[in-house]
Structures are given as C-alpha cells and as structure tokens.
There are 2 protein chains.
Amino acid sequence: MATSTVENYLKAILLRTEGSDHIVSMGVLAEALDVVPGTVTTMVKALAEQGLLDHQSRQGVRLTEAGRQLALGVLRKHRLVETFLVQTLKMDWSEVHEEAEALEHAVSERVLAQIDDFLGHPTTDPHGDPIPDVNGSVAGGAASVTLLNCALNQPLCVARIIDQSPAFLEFVQQTGLKPGARLQVVRREPASGVLHCEVRPGGEVALGLPEAGKIAVRSVS
Amino acid sequence: MATSTVENYLKAILLRTEGSDHIVSMGVLAEALDVVPGTVTTMVKALAEQGLLDHQSRQGVRLTEAGRQLALGVLRKHRLVETFLVQTLKMDWSEVHEEAEALEHAVSERVLAQIDDFLGHPTTDPHGDPIPDVNGSVAGGAASVTLLNCALNQPLCVARIIDQSPAFLEFVQQTGLKPGARLQVVRREPASGVLHCEVRPGGEVALGLPEAGKIAVRSVS
DNA sequence: CGCGGTATTTTGACTAGTCAAAATATAATT
DNA sequence: AATTATATTTTGACTAGTCAAAATACCGCG
Ligand SMILES: [Mn+2]
Ligand SMILES: [Mn+2]
Ligand SMILES: [Mn+2]
Ligand SMILES: [Mn+2]
C-alpha cells in the first residue's frame, strides 16, 4: 500500500496539473505540502523510481497514468468523506476539509463503497468540486465562468467555490453563497474594486474582485 | 499528538490489564502487536520516558493514569466507529474490527462527537463490549457469566462476544448468537466436549466447550 | 548449588521522511 | 558577457519504528 505521505504528494500534484498539462515545480509542491524544497526533490526521485511520476531535473514533475489513478482514488475518498461529514454528520462546512485530509488515508475501499451507497452516489462535494467515479473518471472541468466574467443581471447559480481557505469558506457560509444558491450580479466597479450581487434569499452582497473570481457560477434558465 | 503506533501500544496494554491489576509481559505485547520482542522493549522504554507507563525490567508494564486516559480515548474511538460502521453503514459485523483498527487513529474528537450524537450515545459496541464515555469511565466489567457456567434451561440473553477473531464472529453471525439474542442452554456433555443450546428464532446450536466460554450471557426475566 | 531453558534486553543495521545548509544550475539584469 | 538572483539539488544528520541475532538475566529442577 502507498503510505499517506505518498498519497498526499500525488494528490497535491494532481490538483495542480489536472486540466492544464502543466508541470509542477518543486517549490510549489514544497509550499503545498509544507516541507522544505530539498525534501520534495528527494521524495520525487523515489516516486519516479516507483513509476508514479515523471521528473525532469530542474523543471518539475507530472504524474504517470499509474500515479494519476492512485491520486484520483485519494481525491475520491477526500471528496466523498467531505460530503458525508456535511450531509450525514452535519458538520460545519468550513471544517470538513481538514478532517478529510486525515480520513482520506484511513478509509478503505470497502468503507468508501458503503459511504457512496449511503449518499446515493453524489457527483460533487460540498464545495461543488467533482467527485471522481470508481473508475477514475472526473466530470469534465466545466468552463470556468465566475462572478468576475459572467453576464450582468442574469439569473445564476453558484456551481463551485474555488478557494478552500477556512476564512473564505466562512464568509461564503455567512452570506449564503454556497453551491446551489441563486443570485445575479448587479454591477462591477473596477475603480473601487468591488462587485455587488443579489443573493436569492440573502440580499445584497459586496465582494472584492479577486474574491469574485473564486466563485464559479452557471447560468440558470 | 500521539502517533498511531503509540496509540496501538497503549490500547493493547489497556485491553490486557483492565480489571485485573495485571502487569503485561513483553512477549504478550509482541504477539498482540505483531512485532518482535526486542521492538517492544525499545518502544516501552520510550513510552515510560514519556510517562505513559511504568516498566519494571524483566517483569512487564502497567499504564500510568496518563497512559490509561489516552488508551481509553482510543478504545472509545474504536468502539464507536465499529458501532457506526455496523448500524449506519450496514457493514458486515465480522469485518468492522479491522476497519476500526485504522480509523481509530484518524477520527478527530470533533468527528467522534458527531458520530456519538448521531448514534444516540450508545454504551456498547456491536460485540457487546462497553464503550468508554467522554470522561474515560467504562461501565463496570459485569460478572462474566458465559454459556460454560450458567444455569441450564433458563432464559438467557447474549451480552458479549469475547473472542474477536473473524472466523468465530462469522460463526456467531450465522447461528444468530449475536448480542441481544435470546437462548437457553439445553445440556452440556463434558464427555464429548459439546454444548447444546436453543437459540430463539434460530433453533438448536451445538458448540465446543472452549467456544461456549467465549459467549457471555445475562439471565433475562 | 549448578545447569538448562525461556523471556528479555542489547546491539547494530535498516527504511521512510524530514531539515539545515552548502553546492549548483538556470534565469534575469545590468 | 558578466554578474546577480532564484530555484533546485546534494550532503550530512536526525527521528520513529522496526528486525536479526547475540548477550544477559531469571526461572525451576535435579
Ligand atoms: Mn477538501
Ligand atoms: Mn491527506
Ligand atoms: Mn474491535
Ligand atoms: Mn489501531
């Protein structure tokens, strides 16, 4: 079995390469995994040895198909566990990520299958992120329309929260901007850097432009 | 935080000392933890250093109060998780121990509290073992009456399955001898070493005398 | 008492991860 | 083109756990 360290490395790489055929740098990984760059270099060489990723010296890494499958399995566990914690155990939306970070390494395939059944095979987690299926296919990375680049005064629906930081999630929670919420953008003020929108049950919410880019939406009929 | 290795050592000691003020030998621990005796000696010295247990050289170990509290916390997680897996996720009764062995180290206090609420604060796990409460008190080790030493032809109720081995649990499952089941002992045959009992909905079941000693019962009015 | 058998402890070595700090390669500036 | 800044890699050292095998202590027994 892959250790939880290996699982964390592979998942971190997956999250930073999926979509774009990017290569991830040592520095980015060191930052993400909260270790020193030299540690990443060492670890990455070991993982390349095991055929889980490709490493071009002084360039970066990219997952092999074997590594990608393994990472997708971990991501599936992470997101299903998050969904379970929120929906079944009624845990706070903004604290489940941390919990899932540990549980993703302890939940077996057997337990995961039961959780998946129990939840009725959900396709997205509480943040709106897609849950990979058992075979490792992820629902297509839908075009990323956010509050920043969407049409004004059109009925919208929050699809996904891109920033996972607890503080931002807390704000989203408070203002009711969670995935599924209805809203429309009233106006953008490039000068002041503020965007105003009307959230369905909540009322008017103002947020900074960079923050607006963290909320993905889809137009609703 | 205590590592999962430390948690496993302390829990193993607790399970072999609770009740009797026993001291546990290195050999027994090595067997239980599936490591070589020299490893236990090394580890035990480190744990004694941290004040989690007392170690008399060439004699054995006993938990300190700090160690006992820590071990009780792990045991509580283990048994609540087992209960959750069986009751909520409908997992097979004979496979949850193995799962709980891993999850007990990954479930936080926060998640555990939610599980406890969700289940309505159960006091025994699916095997009939008592679940320590939040403050670390365990329901008194009730007198151990088993099928071996109970009265004949009296209405009984299965209280606890003492042997946790998958094979035995499988047998118990099959014959309906699970905790809560009603039964009475029809006769014991010391000569053949077989005991016959009548299980409430199931019918007559025969089991060996050593096996009979693994099923704790309580008389029912 | 002395001897053999068993359990325990020591010793030396190994793996997985990690860090600090020095060495090196690459990219960006003057 | 030479110099500087930045990112990466190396090196040496450390921690937690573990095993194999040798050394040691303790037990009961003749
Ligand atoms: Mn998450
Ligand atoms: Mn993780
Ligand atoms: Mn168990
Ligand atoms: Mn365990």
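Reminder, nothing fancy here: chain letters follow the sequence lines and each chain counts from 1.
The distance from the CG atom of B/L147 to the CG atom of B/L177 is 7.0 Å, given to the nearest 0.5 Å. The structure places CG of A/L14 at 9.5 Å from NZ of A/K11, a figure rounded to the nearest 0.5 Å.
For B/E49, the CD atom sits in a loose shell: 12 or fewer heavy atoms of surrounding residues, nucleotides or ligands are nearer than 6.0 Å. Enclosure of atom NE2 in A/H22 is not indicated, since only 12 or fewer non-hydrogen atoms of other residues, nucleotides or ligands lie within 6.0 angstrom.
Protein chain A contacts DNA chain D from D/dA7 to D/dT10, reading 5' to 3' and using non-hydrogen atoms of the protein with a distance under 4.0 Å.
Residue order along DNA chain C, read from the 5' end via each residue's closest nucleotide, puts A/V6 first among A/V6 and A/S57. Across the interface with DNA chain C, nearest-nucleotide mapping of B/T41 and A/M43 shows B/T41 to be the residue nearer the 5′ end.
At a threshold of 4.0 angstrom between heavy atoms, the contacts of A/G38 include nucleobase atoms, whether or not backbone atoms are also involved. Among the atoms of the strands shown, only primed sugar atoms or phosphate atoms (P, OP1, OP2) are found under 4.0 Å from some heavy atom of A/T5.
Counting heavy atoms from C-beta outward, A/L53 and A/Y9 have side chains that stay 4.5 Å or more apart.
Scanning residues 99-107 of chain A for heavy-atom distances under 4.0 Å to DNA chain C yields an empty list.
Put simply, CZ on B/R58 is 4 Å from C1' on C/dT8, counting in whole angstrom units.
Applying the side-chain hydrogen bond (donor to acceptor under 3.5 Å, both in side chains) test between A/R160 and each of A/D129, A/D125, A/T124 identifies A/D129 as the sole match.
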Show the numbers, then the answer: is there a side-chain contact (heavy atoms from CB on, under 4.5 Å) between B/M43 and B/V6? CA-CA 8 Å; B/M43 197 65 203; B/V6 169; 3.8 Å; yes
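Between the side chain of B/N149 and the backbone N or O of B/T146, at least one donor-acceptor pair lies under 3.5 Å.
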